[in-house]
Student: 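I'd like to ask some things about the structure below.
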Amino acid sequence: METKKYELPLLPYAYNALEPFIDQETMHIHHDKHHAAYVNNLNAAIEKYPDLFAKSAQELIMDLSQVPEEIKTAVKNNAGGHVNHSMFWEIMGPGAGGKPSGKLAEQIKKEFGGFEEFQTKFNDAGTKRFGSGWVWLVQTKDGKLEIMSTSNQDNPMSEGYIAIMGNDVWEHTYYLKYKNMRADYLKAWWNVVNWQEVEKRFSN
Ligand SMILES: [Fe+2]
């Protein structure tokens with residue numbers, strides 16, 4: 001059987017493209033070292049059960065019951081890290097920011113009261129996530145929007161949600177520029193959100 005290893009995607013823009021909000025050095029370390037490590041560690045874990053290479057990283061985390069116990073934790077962390085970061089690069093971009101439009105904007109207004117209220121709630125959830133993790137906008141099975149946070153590289157998809165957007169609140173995301181000020185990073189991050197890409201992930 002042919003085994004196709006998981007691969008680190010290229011960053012869809014230059015390393016300095018998100019300046020001044022996310023600095024070039026952070027992007028290099030984050031993509032070239034951290035994300036690469038998740039991919040390498042995922043490949044190393046799956047080597048023991050190569051039939052699983054037929055599944056995408058997303059399929060692995062959507063149903064961890066299919067993963068042997070011996071490698072389950074490694075797959076959860078590293079397939080999660082791979083999926084989460086692959087999304088993260090895509091939902092950011094240069095010259096981005098602003099507000100969502102269309103159906104997503106309407107539903108955010110309906111469920112959170114407005115875009116600013118949504119941002120405040122998202123930032124708050126990201127600030128309060130203790131230790132390392134992610135803050136998310138998710139869609140429930142019945143189509144409702146919710147803000148949630150997860151620890152480590154856990155992805156809401158493992159719990160049956162659709163992850164529409166997520167922000168990485170691991171210190172490796174912001175520490176060089178923002179030091180311990182996670183709340184400042186969370187506020188600045190809105191300037192690089194690529195809403196067109198986020199809207200593609202929202203089904204209505
Ligand atoms: Fe990260």
Side-chain angles (χ1 to χ4, degrees), residues 5-46 56-58 60-62 64 73-94 96-97 122-138 147-159 161-194 197-198 201:
K5 291 190 171 187
Y6 301 97
E7 287 176 3
L8 179 67
L10 290 173
L11 204 60
Y13 33 75
Y15 287 91
N16 64 0
L18 306 181
E19 296 264 11
F21 308 107
I22 303 179
D23 60 287
Q24 174 169 282
E25 190 183 2
T26 295
M27 290 300 285
H28 267 293
I29 297 168
H30 201 172
H31 176 272
D32 306 354
K33 305 291 182 196
H34 289 280
H35 189 171
Y38 297 124
V39 174
N40 292 339
N41 292 337
L42 176 61
N43 282 324
I46 299 290
S56 68
Q58 186 167 321
L60 290 173
I61 58 166
M62 281 177 85
L64 286 162
T73 301
V75 169
K76 182 182 174 200
N77 290 337
N78 294 295
H82 182 30
V83 170
N84 295 351
H85 287 85
S86 297
M87 170 214 66
F88 190 56
W89 314 129
E90 286 177 10
I91 64 159
M92 299 190 291
F122 190 96
N123 289 353
D124 193 47
T127 306
K128 286 185 177 149
R129 166 50 50 189
F130 184 74
S132 298
W134 290 72
V135 54
W136 305 90
L137 175 67
V138 302
I147 290 167
M148 63 189 292
S149 76
T150 56
S151 62
N152 304 318
Q153 294 297 346
D154 294 356
N155 186 297
M157 275 189 276
S158 301
E159 306 294 327
Y161 297 97
I162 297 164
I164 298 175
M165 66 190 291
N167 192 358
D168 187 343
V169 298
W170 283 58
E171 284 186 345
H172 66 223
T173 312
Y174 61 85
Y175 205 85
L176 288 181
K177 184 175 174 72
Y178 296 91
K179 303 295 184 272
N180 58 318
M181 306 303 283
R182 184 192 286 180
D184 291 350
Y185 159 70
L186 280 158
K187 271 188 206 148
W189 184 70
W190 298 104
N191 291 292
V192 297
V193 175
N194 178 351
E197 196 54 46
V198 173
R201 289 157 193 270

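Just so you know, ligand 1 is whichever comes first in the structure, and atom 1 is the first atom listed for that ligand. From a predicted model like this one, the values you see are computed outputs, not experimental measurements.
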Student: Measure the OH-CG distance between Tyr6 and Asn41 for me, rounded to the nearest 0.5 Å.
Tutor: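 Going from OH on Tyr6 over to CG on Asn41, the span is 13.5 Å.
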
Student: Which of parallel (below 30°), tilted (30 to 60°) and perpendicular (above 60°) describes Trp189 and Phe88?
Tutor: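 Trp189 and Phe88: parallel rings.
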
Student: How far apart are the closest heavy atoms of Ile91 and Gly166, and which atoms are they?
Tutor: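 Closest approach of Ile91 to Gly166, heavy atoms only: CD1-O, 3.5 Å.
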
Student: Taking ring pair (Phe, Tyr, Trp, His ring centres under 6.0 Å) as the definition, give me every residue that meets it alongside Tyr161, ordered by chain and number, with sequence neighbours left out.
Tutor: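 Checked Tyr161 against ring pair (Phe, Tyr, Trp, His ring centres under 6.0 Å); zero matches.
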
Student: Checking the side chain of Lys177 only, and the main-chain atoms of Pro20 only, is there a donor and an acceptor separated by less than 3.5 Å?
Tutor: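 Confirmed, Lys177 side chain pairs with Pro20 backbone.
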
Student: Would you list the protein N, O or S atoms within less than 2.8 Å of the Fe ion (ligand 1), leaving out water?
Tutor: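 Those protein N, O or S atoms (cut-off: under 2.8 Å from the Fe ion (ligand 1)) are His30 NE2, His85 NE2, Asp168 OD2, His172 NE2.
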
Student: Which residue in the set Ile61, Val83, Asn84 passes side-chain contact (heavy atoms from CB on, under 4.5 Å) when paired with Gln153?
Tutor: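 One option only clears the test, and that one is Asn84.
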
